[in-house]
Amino acid sequence: MSTVITYGTFDLFHIGHLKLLQRLRALGDRLVVGVSTDEFNALKGKKTVVPYEHRVEIVRSVRYVDVAFPEQTWEQKRADIARERATIFAMGDDWVGKFDDLNDVCEVVYLPRTQEVSTTEIRQLVAAL
Ligand code: C2G
């Protein structure tokens, strides 16, 4: 049983998020996802539109996701990896290199982002309506 673990805000859930989760699930038998809480996003300096409770429920409902849990700190990843017995930590490649320090406890993988879509672009398009 190989568990893949990833993290994200998943604000205004879009095809880029879906394609990432789909590809991550294909790397193992199980996919667990840490969804950034509103408080943690404030810490990241990231403004969100959709509240955490909705974002985590949407991620939890995606067919590729087995478990979704709150991401509240940068430091919780090692404990999460141990708890979930994750063998692969994976993110989109906008994070390439940022989590290589985890490679003593699991494989670290960065997958290409889906081009032409982002939460920021969606916000700009909606604002221009
Ligand atoms: N992503 C993607 N393609 C896009 C947009 C996002 O593959 N067009 C990926 C990102 O690379 C990331 C995941 O989808 O792996 C979630 O993206 P965000 O919600 O923007 O996540 P972020 O706010 O970067 O949070 O501790 C890690 C952080 O919590 C990551």
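One-based numbering, in listed order, for ligands and for the atoms of each.
- For atom 13 (C) of ligand 1, the nearest protein heavy atom (residue, atom name, distance) is Leu20 CD2, 3.7 Å.
- Ranking the protein heavy atoms by distance from atom 28 (C) of ligand 1 puts Lys44 NZ, 3.6 Å first.
- Short contacts between ligand 1 and Met91, defined as distances under 4.0 Å to a heavy atom of the residue, involve ligand atoms 15 (O), 27 (C), 30 (C).
- Nearest protein heavy-atom contact of atom 19 (O) of ligand 1 is Phe10 N, 2.8 Å.
- Of all protein heavy atoms, the one lying nearest to atom 10 (C) of ligand 1 is Asp94 OD1, 3.6 Å.
- The proximity of Lys19 to ligand 1, defined as any non-hydrogen pair under 4.0 Å, does not occur for either the backbone or the side chain.
- Between atom 17 (O) of ligand 1 and the options Lys98, His14, His17, the minimum heavy-atom separation is to His17.
- Taking the side chain as every heavy atom from C-beta outward, Val35 and Phe69 never approach each other to under 4.5 Å.
- For the pair Lys77 and Phe89, the NZ or CZ position fails the cation-pi test of under 6.0 Å to the six-membered ring centre and within 45 degrees of the ring normal.
- With a 4.5 Å cut-off on side-chain heavy atoms, Leu12 and Val50 count as touching.
- For the residue pair Tyr7 and Glu71, no side-chain donor N or O sits within less than 3.5 Å of a side-chain acceptor on the partner.
- Within the 4.5 Å cutoff, side-chain heavy atoms of Glu107 are placed close to those of Val109.
- Residue contacts with ligand 1 leave out Ser118, since none of its heavy atoms falls under 4.0 Å from the ligand.
- Contacts between Gln115 and ligand 1 below 4.0 angstrom, taking non-hydrogen atoms only, are absent altogether.
- Closest non-hydrogen pair, Arg123 versus Lys47, comes out as NH1-O, 3.1 Å.
- Considering backbone and side-chain atoms together, Asp11 places no N or O closer than 3.5 Å to any N or O of ligand 1.
- Between the side chains of Thr9 and Lys44, at least one donor-acceptor pair of N or O atoms lies under 3.5 Å.
- Counting protein heavy atoms only, atom 20 (O) of ligand 1 is closest to Lys46 NZ, 3.0 Å.
- Ranking the protein heavy atoms by distance from atom 3 (N) of ligand 1 puts Thr114 N, 3.1 Å first.
- Looking at ligand 1, you'll find an N or O of Val117 within less than 3.5 Å of one of its N or O atoms.
- Summary of contacts: the protein heavy atom closest to atom 26 (O) of ligand 1 is Glu71 OE2, 2.6 Å.
- Using a 4.5 Å heavy-atom cutoff, the side chains of Arg23 and Leu18 are not in contact.
- Using 4.0 Å as the threshold, Lys77 has a heavy atom nearer than that to some atom of ligand 1.
- Residues Tyr52 and Asn41 bring no donor and acceptor atom of their side chains to less than 3.5 Å of each other.
- Looking only at protein heavy atoms, the nearest one to atom 7 (O) of ligand 1 is Arg113 CA, 3.5 Å.
- For Thr9, heavy-atom contacts with ligand 1 shorter than 4.0 Å involve the backbone as well as the side chain.
- There is no side-chain donor-acceptor pair under 3.5 Å between Glu84 and Thr3.
- Close contacts between ligand 1 and Ser36 involve ligand atoms 29 (O) [criterion: under 4.0 Å to a heavy atom].
- At least one side-chain heavy atom of Ile5 sits under 4.5 Å from a side-chain heavy atom of Asp80.
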